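Reading through the structure tokens given below for one structure.
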Amino acid sequence: MLVSEFSKLTGVSSHTLRYYEKIGLLKNVRRNASGHRDYAEKDLAWMAFIQRLKATGMSLENIQRYSEYREQGDVSLVERR
């Protein structure tokens, strides 16, 4: 889905989505043949999780750290808790 639809579904502005991609919170966002961002269901699920973390009061810095731990897989379960 294009950034406009993704933005509408998540309630997150396209500017914020681009920022999240820039700082590494949204990684490996596909591009279509025209070079536009093409978000997948996995991106939608991850954005929903980011929003839940933000709702707890977690800072973007800590969400970034969590994201890095998440990429490491099961070896980082203790750090993620």
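Just so you know, these numbers come straight off a predicted model, no measurement behind them.
- Through direct or relayed side-chain contacts under 4.5 Å between Ile, Leu, Val, Met, Phe, Trp and Tyr, Val78 connects to no other residue.
- Annotation: side-chain hydrogen bond (donor to acceptor under 3.5 Å, both in side chains) contacts of Arg65 (sequence neighbours excluded): Glu61, Asn62.
- At a threshold of 4.5 Å between non-hydrogen side-chain atoms, the residues Phe6 and Met47 count as touching.
- Val29 and Leu2 are not part of a single hydrophobic cluster, where members link through side-chain heavy atoms under 4.5 Å apart.
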Audit row: Leu60, Tyr19, side-chain contact (heavy atoms from CB on, under 4.5 Å) steps and yes/no
CA-CA 11 Å; Leu60 280 180; Tyr19 177 70; 4.0 Å; yes
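- For Ser67 against Gly24, the heavy-atom pair with the smallest separation is OG-O, 4.1 Å.
- Under the side chain to side chain contact (heavy atoms under 4.5 Å, CB included) criterion, Ser14 pairs with Val3, Arg18, sequence neighbours left out.
- Ser4 meets the side-chain hydrogen bond (donor to acceptor under 3.5 Å, both in side chains) test with no other residue; sequence neighbours excluded.
- Residues in residues 20-31 take part in these side chain to side chain donor-acceptor pair (under 3.5 Å) pairs, two or more places apart or across chains: Tyr20-Lys54, Glu21-Arg37, Lys27-Glu71.
- Rounding to the nearest 0.5 angstrom, the gap separating the CD1 atom in Ile63 from the CD atom in Gln51 is 10.0 Å.
- Of the inter-residue distances, the one linking Trp46 atom CH2 with Asp43 atom CG reads 11.0 Å to the nearest 0.5 angstrom.
- In this structure, the side chain to side chain contact (heavy atoms under 4.5 Å, CB included) partners of Leu9, at least two apart in sequence or on a different chain, are Met1, Glu5, Leu44.
- Sorted by first and then second residue, the ring pair (Phe, Tyr, Trp, His ring centres under 6.0 Å) pairs involving residues 57-81 (not counting sequence neighbours) are Phe49-Tyr66.
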